[in-house]
Undergrad: 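Starting off with a structure, shown below.
Chain letters run A, B, ... following the sequence lines, proteins first, then strands; residues in each count from 1.
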Number of protein chains: 2
Amino acid sequence: MKHEDFHQHSHHNHNDCIDTALETAETLCAEQGQRLTKVRRRALELIWESHRPLGAYQLLAKLAEEGFNSAPPTVYRALDFLLGAGLIHKVESMNAYLGCAHADKAHKGYFLICDECHNVMEFDYQDIHAALIEKAAHQGFELRAETIELTGLCAKCKEKSVGASA
Amino acid sequence: MKHEDFHQHSHHNHNDCIDTALETAETLCAEQGQRLTKVRRRALELIWESHRPLGAYQLLAKLAEEGFNSAPPTVYRALDFLLGAGLIHKVESMNAYLGCAHADKAHKGYFLICDECHNVMEFDYQDIHAALIEKAAHQGFELRAETIELTGLCAKCKEKSVGASA
DNA sequence: GTTTTACTTGTTATATCATAACAAAATTCT
DNA sequence: AGAATTTTGTTATGATATAACAAGTAAAAC
């Protein structure tokens, strides 16, 4: 079962996701001589504990509650570090941050964002990626990063809205 | 020659683009009983006059110079209207706004954004669109909007950087 | 053609997102 | 231990965007 499908079900133990993500983070940072300090680690955990993308100031508030410094640079530094390490993604259309489910493999974060419940699924389609590279190259463009954010109605909310209108 | 290719060349008369865009805007608004008021029209023109995406406050400054009201709601209202009418796009990863080259046909704005010169090309690939719809549907997700923003190096800047390093 | 209605704009205030700049502390290297 | 590097604290400010309500303007109904 893929991680993103997993997230579609309500009963999974999300703690497993968090644990896995944190372990991966530790490993990656160790390998690259990066320091996963307390704030950074806790920030990553808090982002994962939220099932949906977390705003910088929401995260800052949570960190502040736990005794971390409560000024904006604290959270933006942690976010910059985590983004740089590929441990989280920024959802540009929401100004919010999301744990990356595939931090171990270099990849592009493609997102399905539900307009209704604001849950986000990450998906990873090699064929689309390949097609985009090819099409960009066709115009002489060398692709470096992709922001792919699709919004609409997720399966659960679609069911609900059908039920409501019936 | 497609509009986006056109934009890759430095010598084209961009006024033609603006004129066409404005005419299209007039027609579309008339058809839909929408009012393309002075601020809205001028905002659209100014967005087009800039070859690259324009920030809301940059636009506001230009409008203010011309005697329009200089408070933020003025520009955000105009932008909302133009976005709603499909006459412009928002580039989420830049918080900036861009004239839509295909306002007359319903479409998704896919962008190639150059990291170097910040020029943006719009492109419109039906096959990618179809693939995304299909893949979303496969997860029970009903697609409503797509944000596709690809960044990298455009042809011109790639040439330049090769020249520089040689 | 005036009244009613809907829409658009003006105005003030504030919310939200993000970074600059410099000082202090902690960690790592030698 | 001392020097170099990185990380964190702190203050201030910049950049992006919206809420709320009043005033004006155009369109529709009568």
Side-chain angles (χ1 to χ4, degrees), chain A residues 25-26 29-44 46-47 50 52-85 87-98 118 147 149, chain B residues 25-26 29-44 46-47 50 52-85 87-98 118 147 149:
Chain A
E26 301 273 16
C29 290
E31 278 172 14
Q32 295 164 24
Q34 298 277 59
R35 288 161 55 193
L36 191 63
T37 60
K38 278 189 188 173
V39 222
R40 292 169 177 176
R41 204 193 134 88
R42 190 60 189 136
L44 180 57
L46 287 167
I47 288 171
S50 159
R52 58 208 66 189
L54 202 57
Y57 279 70
Q58 291 175 274
L59 176 56
L60 182 59
K62 286 174 194 274
L63 287 170
E65 275 177 24
E66 302 183 6
F68 290 98
N69 183 17
S70 67
T74 299
V75 77
Y76 282 104
R77 283 169 181 155
L79 289 170
D80 282 349
F81 174 86
L82 297 170
L83 285 168
L87 297 169
I88 60 172
H89 293 293
K90 178 174 185 182
V91 182
E92 294 287 351
S93 55
M94 300 177 77
N95 292 318
Y97 304 83
L98 186 68
H118 303 104
T147 300
E149 301 175 5
Chain B
E26 301 274 14
C29 288
E31 278 172 15
Q32 296 165 24
Q34 298 277 58
R35 290 161 55 193
L36 190 62
T37 60
K38 279 188 188 174
V39 222
R40 291 168 178 176
R41 206 192 131 86
R42 190 60 188 136
L44 180 58
L46 287 167
I47 288 170
S50 158
R52 56 209 67 189
L54 202 57
Y57 280 72
Q58 291 174 273
L59 176 55
L60 182 58
K62 286 174 194 275
L63 287 171
E65 273 177 27
E66 303 184 4
F68 290 98
N69 183 18
S70 67
T74 298
V75 77
Y76 282 104
R77 282 169 183 155
L79 290 171
D80 282 350
F81 175 86
L82 297 171
L83 285 168
L87 298 169
I88 60 171
H89 294 293
K90 178 175 186 183
V91 182
E92 295 286 352
S93 55
M94 300 176 76
N95 292 320
Y97 304 84
L98 186 68
H118 302 104
T147 299
E149 302 175 4

Undergrad: Nearest whole Å is fine: how far is C:dA18 P from A:Leu54 CG?
TA: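 Result: 12 Å.
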Undergrad: Just how far, in rounded Å, is C1' of C:dT27 from CZ of A:Arg40?
TA: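 That distance rounds to 12 Å.
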Undergrad: Reading DNA chain D from 5' onward, which residue's closest nucleotide shows up sooner: B:Lys90 or B:Arg35?
TA: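 Of the two residues, B:Lys90 wins.
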Undergrad: Look at the side-chain N and O atoms of A:Tyr76 and state whether any lies under 4.0 Å from the OP1 or OP2 oxygen of C:dA18.
TA: yes
Undergrad: Does some side-chain heavy atom of A:Arg35 sit less than 4.5 Å from a side-chain heavy atom of A:Arg40?
TA: yes
Undergrad: Nearest to the side chain of A:Arg77, which nucleotide is it out of C:dT11, C:dA18, D:dG9?
TA: D:dG9
Undergrad: Could you tell me the separation between the CZ atom of B:Phe68 and the C1' atom of C:dT9, rounded to a whole number of Å?
TA: 12 Å
Undergrad: In whole angstrom, what separates A:Gln58's CD from C:dT16's P?
TA: 10 Å
Undergrad: How about B:Glu92 and B:Thr147: does a side-chain donor come under 3.5 Å of a side-chain acceptor?
TA: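 Checked: B:Glu92/B:Thr147 side chains show no N/O donor-acceptor pair below 3.5 Å.
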Undergrad: Without decimals, in angstroms, what is the distance between A:Leu59 CG and C:dC17 P?
TA: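 Going from CG in A:Leu59 over to P in C:dC17 covers 12 Å.
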Undergrad: Counting side-chain heavy atoms from CB outward, which of D:dA17, C:dT8, C:dA18 is closest to B:Pro72?
TA: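 Selected nucleotide (nearest to the side chain): D:dA17.
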Undergrad: Counting only side-chain nitrogens and oxygens, does B:Asn69 get under 4.0 Å of the OP1 or OP2 atom of C:dG10?
TA: yes
Undergrad: Take atom OH of B:Tyr97 and atom P of D:dA15, then tell me their distance rounded to the nearest Å.
TA: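 Those two atoms, OH and P, are 16 Å apart.
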Undergrad: Could you tell me whether a side-chain N or O of B:Arg42 sits under 3.5 Å from a main-chain N or O of B:Leu63, the two making a donor and an acceptor?
TA: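 Such a contact is absent between B:Arg42 side chain and B:Leu63 backbone.
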Undergrad: Starting at NZ of B:Lys38 and ending at P of D:dT25, how long is that distance when rounded to a whole Å?
TA: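 Whole-Å distance recorded here is 11 Å.
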Undergrad: Within a strict 4.5 Å, meaning less than it, do heavy atoms of the B:Val75 and B:Phe68 side chains meet?
TA: no
Undergrad: Please tell me which of the listed nucleotides, D:dT8, D:dT16, C:dT9, lies nearest to the side chain of A:Val39?
TA: D:dT8
Undergrad: If you go through the side-chain atoms of A:Tyr57, does one of them form a donor-acceptor pair with the base of C:dA18 closer than 3.5 Å?
TA: yes
Undergrad: Is B:Ile47 close to B:Leu87 at the side-chain level, that is, under 4.5 Å between some pair of heavy atoms?
TA: no
Undergrad: Check the distance between D:dT8's P and A:Leu60's CG and give it to me in whole angstrom.
TA: 14 Å
Undergrad: Let's see if you can work this out: which of C:dC17, D:dA20, D:dA17 has an atom nearest to the side-chain heavy atoms of A:Asn95?
TA: C:dC17
